[in-house]
S.K.: 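I have a structure here, written as structure tokens, and I will follow up with some questions on it.
Source: prediction; values computed, not measured.
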Amino acid sequence: MKDSGGDEKKAGKDPRVTARFMTPGRYMIIFWSAALACGCNLGLYILFAGAGVVKLTGVRNIINAIVIMLVYLAIMAGLVCFFVYWYRKKILMEPTLKLCQAAQKVAAGDFTVRLEKEPRKDGKKDEFDVLYEDFNVMVSELASTEIMKNDFISTVSHEFKTPAAVIQNYVELLQSGNLSEAERRQYLDRVHDAAARLSRMITNILYINRLEHQKIRPTSKPFNLSESIAASILDFDQKLEEKNIDLKVDMDEDLQIPGDEQLLRLVWTNLLSNAVKFTPAGGQITVRMQKCAEGAVVSISDNGCGIDAKSLNHIFDKFYQADTSHSTEGNGLGLALVKKIVDLSGGTIHADSAPGKGMTFTVNLPD
């Protein structure tokens with residue numbers, strides 16, 4: 001079955017619109033009005049001539065006929081001009097001026113502007129109704145973008161400020177000189193951790209920016225997914241031991257898939273880092289990977305605190321942190337980077353969680 005809406009859009013007609021202006025009915029009204037005007041003109045000539053008011057012989061009679069014709073035409077032209085003026089002002093200019101004034105407010109930075117369409121008894125929409133709806137949608141999107149931009153600037157400033165302040169404070173303490181060797185090492189470790197956090201955030205921002213602007217394009221060549229995930233797991237050996245986390249691994253051996261191994265390593269690293277961060281001491285993390293008909297499925301689960309459904313909807317947003325108590329351990333960029341890489345790799349990622357039931361990330365990669 002053909003999509004009539006798509007055909008109408010291809011033909012330049014919005015299927016949502018019921019024409020307000022030059023409909024076929026209005027064309028017929030104009031046509032018959034013009035025909036009636038011409039018929040009245042001819043009828044007046046015949047009437048006046050038959051009554052003897054107008055005689056088409058002699059110069060004086062011809063002049064009288066011309067004067068009557070001009071008066072008639074002037075009256076008709078005046079009526080037409082008045083109708084056009086009213087039509088232009090009421091039907092065209094008022095809604096257009098309303099739209100222009102709203103656009104000026106939006107250009108000045110007011111994204112609260114909304115245009116109200118006039119109610120119609122038949123419930124149909126004309127050209128301006130649809131234009132107003134699209135304008136309101138556009139302003140809503142602009143408002144959302146503006147909020148996101150302001151939040152982004154605010155959050156980035158805060159995220160940069162926190163580790164910078166930590167580094168500054170501990171450097172000042174180190175400069176005091178009245179420290180034991182143990183205190184000096186402890187402060188140096190904290191400076192190192194803050195600098196590493198700052199470096200990771202800058203790296204993630206640069207990666208996301210380059211991926212979004214296609215400055216980095218994933219390559220696609222076969223690699224051993226099993227070995228890649230295993231190597232990522234080994235990077236967390238020390239942290240797993242420090243928190244006494246039980247790691248369970250269930251993976252198919254030597255599974256080869258096409259993709260960009262370097263970028264996908266960032267996916268496994270960020271997901272494992274997230275799992276380690278939210279898994280309590282003595283907890284458990286499970287990593288599964290298996291072949292499927294479409295490619296490969298990788299899941300990383302923890303038995304941490306979990307998050308609610310509302311937070312789950314925003315978990316891949318930049319700088320979003322569902323658990324602010326762990327804000328010093330991350331910056332909310334890792335999962336945004338993960339989502340971008342998986343999307344560019346042609347795969348999908350799904351997060352499943354509930355308060356007190358941990359978190360599971362499932363990544364599907366194409367073959």
S.K.: Hey, are the side chains of Ile229 and Val287 touching, using non-hydrogen atoms and a 4.5 Å cut-off?
M.R.: yes
S.K.: Are Arg185 and Glu181 within salt-bridge range, i.e. N to O under 4.0 Å?
M.R.: yes
S.K.: In sequence, state the C-alpha distance, the side-chain angles, and the governing distance for Ser232 and Arg265, and then conclude on side chain to side chain donor-acceptor pair (under 3.5 Å).
M.R.: CA-CA 7 Å; Ser232 298; Arg265 279 289 296 271; 2.9 Å; yes
S.K.: So, taking the atom named CZ in Phe361 and the one named CG in Leu272, what distance separates them when rounded to the nearest 0.5 Å?
M.R.: 11.0 Å
S.K.: Distance check, rounded to the nearest 0.5 Å: Asp250 atom CG versus Gln290 atom CD?
M.R.: 7.5 Å
S.K.: Under a 4.5 Å cut-off applied to non-hydrogen side-chain atoms, are Ile315 and Met359 in contact?
M.R.: yes
S.K.: Please give me the minimum heavy-atom distance between Pro258 and Ser220, naming the atom from each residue.
M.R.: CB-OG, 3.6 Å
S.K.: For Arg114 and Ser140, test the side chains for any donor-to-acceptor distance below 3.5 angstrom and give the result as yes or no.
M.R.: yes
S.K.: Which value, rounded to the nearest 0.5 Å, describes the distance between Ser353 atom OG and Leu312 atom CG?
M.R.: 6.0 Å
S.K.: Going by the rule ring pair (Phe, Tyr, Trp, His ring centres under 6.0 Å), which residues pair with Phe236 if we only count those two or more places apart in sequence or in a different chain?
M.R.: none
S.K.: Can you classify the ring geometry of Tyr170 versus Tyr187 as parallel (below 30°), tilted (30 to 60°) or perpendicular (above 60°)?
M.R.: tilted
S.K.: Determine whether Gln284 and Asp302 make a side-chain contact, defined as any pair of heavy atoms from C-beta on separated by less than 4.5 Å.
M.R.: no
S.K.: For the pair Leu335 and Asn270, evaluate side-chain contact (heavy atoms from CB on, under 4.5 Å) and give the outcome as yes or no after the intermediate values.
M.R.: CA-CA 7 Å; Leu335 293 179; Asn270 277 286; 5.6 Å; no
S.K.: If you group Ile, Leu, Val, Met, Phe, Trp and Tyr by side-chain heavy-atom gaps below 4.5 Å, do Val297 and Leu271 land in one group?
M.R.: no
S.K.: Which atom names give the shortest non-hydrogen contact between Ile167 and Val191, and what distance separates them?
M.R.: CG1-O, 4.1 Å
S.K.: Which atom pair, heavy atoms only, marks the closest approach of Pro280 to Gly304?
M.R.: CD-CA, 3.8 Å
S.K.: Short question: side chain of Asn224, backbone of Glu227 - any donor-acceptor pair under 3.5 Å?
M.R.: yes
S.K.: Does atom CD of Glu116 have more than 12 heavy-atom neighbours from other groups under 6.0 Å away?
M.R.: no
S.K.: Is it the case that the side chain of Ser299 and the backbone of Thr362 share a donor-acceptor pair, with hydrogens and angles ignored and the cut-off at 3.5 Å?
M.R.: no
S.K.: Give a yes or no on whether a salt bridge exists between Lys339 and Asp343, defined as a side-chain N under 4.0 angstrom from a carboxylate O.
M.R.: yes
S.K.: Rounded to the nearest 0.5 Å, what separates atom CG in Asp237 from atom CD in Glu242?
M.R.: 11.0 Å
S.K.: Side-chain contact, heavy-atom cut-off 4.5 Å: Val137 with Phe135?
M.R.: no
S.K.: For residues Val249 and Val267: do they belong to one hydrophobic cluster (side chain heavy atoms under 4.5 Å, members Ile, Leu, Val, Met, Phe, Trp, Tyr)?
M.R.: yes
S.K.: With a 4.5 Å heavy-atom cut-off, do Ile233 and Leu247 have their side chains touching?
M.R.: yes
S.K.: Determine whether Lys239 and Lys243 make a side-chain contact, defined as any pair of heavy atoms from C-beta on separated by less than 4.5 Å.
M.R.: no
S.K.: Between atom SG of Cys100 and atom NZ of Lys105, what is the distance when rounded to the nearest 0.5 Å?
M.R.: 13.0 Å
S.K.: Going only through I, L, V, M, F, W and Y residues with side-chain contacts under 4.5 Å, is there a path from Leu115 to Val106?
M.R.: yes
S.K.: How would you list, by chain and number, every residue that makes a side-chain hydrogen bond (donor to acceptor under 3.5 Å, both in side chains) with Tyr132, sequence neighbours excluded?
M.R.: none
S.K.: Check for a donor-acceptor pair, side chain of Ser345 on one end and backbone N or O of Ile341 on the other, with a separation under 3.5 Å.
M.R.: yes
S.K.: In terms of hydrophobic clusters joined by side-chain contacts under 4.5 Å, are Val166 and Leu188 together?
M.R.: yes
S.K.: Do Leu264 and Phe223 have side-chain heavy atoms sitting under 4.5 Å apart?
M.R.: yes
S.K.: Given side chains that start at C-beta, do those of Met138 and Asn136 come closer than 4.5 Å, heavy atoms only?
M.R.: no
S.K.: Identify the two heavy atoms, one from Leu225 and one from Ile257, that lie closest to each other, and give their separation to 0.1 Å.
M.R.: CD2-CD1, 3.9 Å
S.K.: Working to the nearest 0.5 Å, report the span between CH2 of Trp268 and CD of Glu261.
M.R.: 11.0 Å
S.K.: Hey, are Asp367 and Lys291 close enough for a salt bridge, meaning a charged N less than 4.0 Å from a carboxylate O?
M.R.: yes
S.K.: Would you name the heavy atoms of Arg288 and Met251 that are closest together and state the gap between them?
M.R.: C-CG, 4.5 Å
S.K.: Just by distance, do the side chain of Ser226 and the backbone of Leu255 share a donor-acceptor pair under 3.5 Å?
M.R.: yes
S.K.: Quick check: is Leu179 connected to Val171 through a chain of hydrophobic side chains (ILVMFWY, heavy atoms under 4.5 Å apart)?
M.R.: yes
S.K.: Among all residues two or more places apart in sequence or in another chain, which pass the ring pair (Phe, Tyr, Trp, His ring centres under 6.0 Å) test with Phe111?
M.R.: none
